[in-house]
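Every chain is numbered from 1 and lettered A, B, ... according to where its sequence line falls, protein lines coming before strand lines.
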Number of protein chains: 2
Amino acid sequence: MIIKVFIVDDHYMVIEGIHSLLQNEKSIEWSGHATNAVSCLAFLQQQQPDVILMDINLPDKSGIDLCKQVKEKYPSIFIIGLSTFNQLSFIQKMMDSGASGYVLKNASQTELMEAIETVAKGKIYFSDEASKTLQKNEATHIILTRREKEVLELIAEGMTNNVIGQKLFISTATVDTHRKNLLAKLNAKNTASLVRMATQLQLI
Amino acid sequence: MIIKVFIVDDHYMVIEGIHSLLQNEKSIEWSGHATNAVSCLAFLQQQQPDVILMDINLPDKSGIDLCKQVKEKYPSIFIIGLSTFNQLSFIQKMMDSGASGYVLKNASQTELMEAIETVAKGKIYFSDEASKTLQKNEATHIILTRREKEVLELIAEGMTNNVIGQKLFISTATVDTHRKNLLAKLNAKNTASLVRMATQLQLI
DNA sequence: GTTGCACTCCCCTTTTTACATGATTTATCA
DNA sequence: TGATAAATCATGTAAAAAGGGGAGTGCAAC
């Protein structure tokens, strides 16, 4: 079985690199490449590959959004998230958007082949480092409610409880309660460390 | 004149990609590659290339430090910073460490060749995007003093003016003054937006 | 030799947070 | 249906930060 592989990445070096890594593989057919979301979608109207390697960071739209869009229109295409970053939030969002796997850009040829062959069968694949990140953060994962996220966002933008209350049509006292819960959940002493923690945990 | 090019990057895809982009260039000799700082330094003890393409993010040590080290030992080697990020702080630090140029990983083959040939002559090269960033941020560049940076760091860690004062052996009033100046310099309304801005501007 | 800047310190007032404690309503899920 | 969690609001005190002002020292550059 020949697997048709397409790649979306705005870095020529990476496209060239993957092309080079895969060119001697008999089971792989190089379907083409795109450097942005628009030309990727245009290509898919003409023909559909089996597997798309998709960068998270694209110039015109995030790989997350593109992934969602592609899976809606072409559910039979399997998508592998591709990124420099081994960050929980990216991996989670990509998988939530319908991706079948996640591979870091420092992947070896072997790892890349494994990923492509695994997802082409309809299975899920994570590179070693990505799965480690998933496991590690599952324990320390902090779950914020919808409202808490909203409040956190506005706090980080420099709004006071009063202003946030007006913005969300709730009383200042309520905002204060959410704030207290945020401090407790993120184990922060005050606003400064709250914002610090939140950025480090990629919550904002 | 044949230019010997070496590359240090922890992403196989990028190494492969650059290799592929340069393999048909007659003026380029592929000197080799390393995926970390240690093996790069080991290689340089054996032989020295003319130009090194150096990633900013390496597993064992930052490209910035490696750049400084290499230039100290081998001043005749020209180094081009290589990164996904078009961020002022990275570019500046890399140039401060003795690099001769800075190229983003989405560079085209033409751009890459231009960069290598320019720095091999001892000149400075910036990719289009990098030089735009330099110009753009030169105007909006925020300069913090040594003390302000220290205070900012401690604020972000959640310390109060009082505690910071004890830590730095200065009075609470002084810390408060620094804090006021930080708010003014970063155009922040309060601690929350101060920490937010500081992280966005890569100051902490 | 004075101008500028970083760093230091102090006063005062108002606003905002932090902390404690308790309580109601609504929605969801087992 | 009863339990659970989220979201809402309140009251009160203490601590911290924001915002305004002024002011002295030392150092380096012009």
So what does [X] touch, heavy atoms closer than 4.0 Å: a base, only the sugar-phosphate, or nothing?
X: B:K189; result: sugar-phosphate
X: B:T160; result: sugar-phosphate
X: A:T174; result: base
X: B:N162; result: nothing

Expressed in angstrom and rounded to an integer, what is the separation of [X] atom [atom1] from [N] atom [atom2]?
X: A:L183; N: C:dT17; atom1: CG; atom2: P; answer: 11 Å
X: A:R147; N: C:dA27; atom1: CZ; atom2: C1'; answer: 15 Å
X: A:H178; N: D:dA6; atom1: NE2; atom2: C1'; answer: 8 Å
X: A:L154; N: C:dT16; atom1: CG; atom2: P; answer: 15 Å
X: B:I164; N: C:dT8; atom1: CD1; atom2: C1'; answer: 16 Å
X: A:I155; N: C:dA18; atom1: CD1; atom2: P; answer: 8 Å
X: A:D176; N: D:dT11; atom1: CG; atom2: C1'; answer: 12 Å
X: B:L194; N: D:dA17; atom1: CG; atom2: P; answer: 12 Å

Below 4.0 angstrom, N of the basic side chain to O of the carboxylate: do [X] and [Y] qualify?
X: B:D176; Y: B:K180; value: yes
X: B:K167; Y: B:E153; value: no
X: B:D55; Y: B:K105; value: yes

Item to check | Straight-line distance of A:M54 CE to A:Y102 OH, nearest 0.5 Å | outcome: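 Spacing of CE (A:M54) from OH (A:Y102) equals 13.0 Å.
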Between [X] and [N], does any side-chain N or O lie under 4.0 Å from OP1 or OP2?
X: B:N161; N: D:dA17; result: yes
X: A:R146; N: D:dA6; result: no
X: A:T191; N: C:dA18; result: yes
X: A:T145; N: D:dA7; result: yes
X: A:T172; N: D:dC9; result: no

Of the nucleotides [options], which has the atom closest to the [X] side chain?
X: B:R179; options: D:dA16, D:dA18, C:dT17; result: D:dA18
X: A:K180; options: D:dA17, D:dA6, C:dA20; result: C:dA20
X: A:I170; options: C:dA18, D:dC9, D:dA17; result: D:dC9

Checklist entry - Has the side chain of B:T177 got a donor or acceptor that lies under 3.5 Å from a partner of the other kind on the base of C:dC9? => result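 Check passes, donor-acceptor contact within cut-off.
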Checklist entry - Side chains of B:L82 and B:I18: does their closest heavy-atom pair fall under 4.5 Å? => result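 Side chain of B:L82 against side chain of B:I18, heavy atoms only: contact under 4.5 Å found.
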Item to check | 5′-ward residue of the pair B:L168/A:G158 relative to DNA chain C | outcome: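 Going by which nucleotide is closer to the 5' end, it is B:L168.
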Checklist entry - Counting distance only, does the side-chain N/O of A:N86 pair as donor-acceptor with the main-chain N or O of A:E129 below 3.5 Å? => result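 Looks like yes, one N/O pair under 3.5 Å.
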